[in-house]
Structure formats: structure tokens, C-alpha cells
Amino acid sequence: MALLSILQYPDPKLHTLARPVQAVDARIQALVADMLETMYDANGIGLAASQVDVHEQVVVIDVSEEHDTPLVLINPAIVWFSEERVLNEEGCLSVPGIYDGVERATQVRVTALDRDGQPQTLEADGLLAICIQHEMDHLLGKVFVEYLSPLKRNRIKTKMLKTRRALGKPETA
């Protein structure tokens, strides 16, 4: 297993549309293992392959307190959203240190392949439902800050670019 580099907002690669996984093979299983290791190392609860510059439909999530219940969603599709919505404070490994309110459905039903390529249907609510929606946005090339006002988004972009420059890092890597 290996730690992967997480793309940082406003990297334009975060806006790349992820393509479906053609086969759940050793390469995808290695990617899943590396993504889980990266997510846990970064103290995250979710990570989409798009965030590690692999533009395929793979998501890993673990909202458990013990970080011992990983959920793998390959080629996920949300097939049902509840009408009830909630405003929740969200953060993102690609936008470190930034948290803001995003409105999402309180419940979802998602179909996907598991880490072995087997079909699964999952009903989720609470934090898991929010996390699934957040990570699936990444597969569509969308970062949570895009739900915020243009003013907030521009402030976050400026702050992120300033931090990258201060650390001597390129603005888009």
C-alpha cells in the first residue's frame, strides 16, 4: 500500500468527470487499498479517486468512530434521495482547514459494486448519507465549495493559493 497525493482546491483536475470502472481487478483493488490508507492517514471520512488524480468512479468512506468499517463504492449511483434536507457543516481533504454549511438530502439509496466487484444496494442516512453525496460530487468534478456563494468561494480560493505559495508549492499540484 502507498500514500497517495491529494489534489488541493483550486486544482482544475478536481473538475474532471470520472469514468466508470471497466473491471474490478488487481489494479482497482490496489487503488482502493491505497485510497483507504491515504484517507485514514489524512484523518478523513471519505475520499474519491478523483481527489488522488485517478479519474475513475471509486469512492472509499469510513464514518465509524474506530475507523474500522470501510465502505467501498465502485461505479456508484444514487437511485433515491429523500425530500428532507439538512444543512450540515462540511469539510474536504482537498480543501484542508475550510468548513462551511452545505444542504443535502438526509437519506439516500445508492447502488454500486463493492471492492470485490459484487453489486450492492445501500440505504444511508445521517453522516453516511451526507458523505456519500459529498464524495459522489467529486466523481462529477464538483467540490463542496461550489455550493457556497461566489464571494465565499473566491475567498477560499485566494486563501488556498496563498497557503500553497507560502509553502513553496505549485498552485495546481
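Only this structure's heavy atoms are used, side chains among them; waters, hydrogens and symmetry mates stay out.
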Are any side-chain N or O atoms of [X] and backbone N or O atoms of [Y], one a donor and one an acceptor, separated by less than 3.5 Å?
X: Asp11; Y: Lys13; result: yes
X: Gln29; Y: Arg115; result: yes
X: Glu135; Y: Ile132; result: no
X: Arg19; Y: His55; result: yes
X: Gln120; Y: Val72; result: yes
X: Asn75; Y: Val21; result: yes
X: His15; Y: Gly141; result: yes

For Arg85, is the CZ atom crowded, meaning more than 12 foreign heavy atoms sit under 6.0 Å from it?
yes

With a 6.0 Å cut-off (strictly less than), is the heavy-atom count around CD of Glu65, excluding the residue itself, greater than 12?
no

Any salt bridge linking Arg104 with Glu84? Criterion: basic side-chain nitrogen under 4.0 Å from a carboxylate oxygen.
no

Only counting residues at least two apart or in another chain, list the ones meeting side-chain contact (heavy atoms from CB on, under 4.5 Å) with Glu123.
Arg109

Is any side-chain heavy atom of Val95 closer than 4.5 Å to one of Phe144?
yes

Close side-chain approach of Asn88 to Val102, heavy-atom, < 4.5 Å:
no

In the single-linkage hydrophobic clustering (I, L, V, M, F, W, Y; side-chain heavy atoms under 4.5 Å), do [X] and [Y] co-cluster?
X: Leu93; Y: Ile130; value: no
X: Val59; Y: Val108; value: yes
X: Leu36; Y: Leu122; value: no
X: Leu73; Y: Val63; value: yes
X: Ile45; Y: Tyr99; value: no

Working to the nearest 0.5 Å, report the span between [atom1] of [X] and [atom2] of [Y].
X: Leu7; Y: Thr16; atom1: CG; atom2: OG1; answer: 8.5 Å
X: Ile156; Y: Ile98; atom1: CD1; atom2: CD1; answer: 5.0 Å
X: Gln57; Y: Leu113; atom1: CD; atom2: CG; answer: 10.0 Å
X: Arg165; Y: Met160; atom1: CZ; atom2: CE; answer: 12.0 Å
X: Met35; Y: Leu31; atom1: CE; atom2: CG; answer: 5.5 Å
X: Glu103; Y: Glu90; atom1: CD; atom2: CD; answer: 11.0 Å

For Leu140, the hydrophobic cluster (side chain heavy atoms closer than 4.5 Å, chained through members) also holds Leu17

On a heavy-atom basis, which atom in [X] and which in [Y] lie closest, and how many Å separate them?
X: Asp114; Y: Ile74; result: O-CD1, 3.4 Å
X: Ala129; Y: Ala105; result: CB-O, 4.4 Å
X: Ile28; Y: Glu56; result: CD1-OE1, 4.0 Å
X: Ser50; Y: His138; result: OG-O, 3.4 Å
X: Gln51; Y: Cys92; result: NE2-SG, 3.6 Å
X: Ala112; Y: Pro76; result: CB-CA, 3.8 Å

Kindly indicate, with the supporting measurements, whether the criterion side-chain contact (heavy atoms from CB on, under 4.5 Å) is fulfilled by Met136 and Ile78.
CA-CA 9 Å; Met136 287 184 62; Ile78 295 177; 3.5 Å; yes

Start with the C-alpha distance between Val58 and Val32, add both sets of side-chain angles, then the distance that settles side-chain contact (heavy atoms from CB on, under 4.5 Å), and finish with yes or no.
CA-CA 8 Å; Val58 179; Val32 165; 3.9 Å; yes

Under a plain distance cut-off of 3.5 Å, with no hydrogens placed, do [Y] and [X] share a side-chain donor-acceptor pair?
X: Asp100; Y: Tyr147; value: no
X: Thr106; Y: Ser82; value: yes
X: Ser94; Y: Gln8; value: no

Would you please test Ile61 and Leu128 for side-chain contact (heavy atoms from CB on, under 4.5 Å) and show each step?
CA-CA 8 Å; Ile61 294 173; Leu128 180 56; 3.8 Å; yes

Can you check side-chain contact (heavy atoms from CB on, under 4.5 Å) on Phe81 and Gln107, steps first, answer last?
CA-CA 6 Å; Phe81 292 92; Gln107 298 174 299; over 6 Å; no

Got a sec, which pairs hit side-chain hydrogen bond (donor to acceptor under 3.5 Å, both in side chains) with one end in residues 33-44, sequence neighbours left out?
Tyr40-Asp62

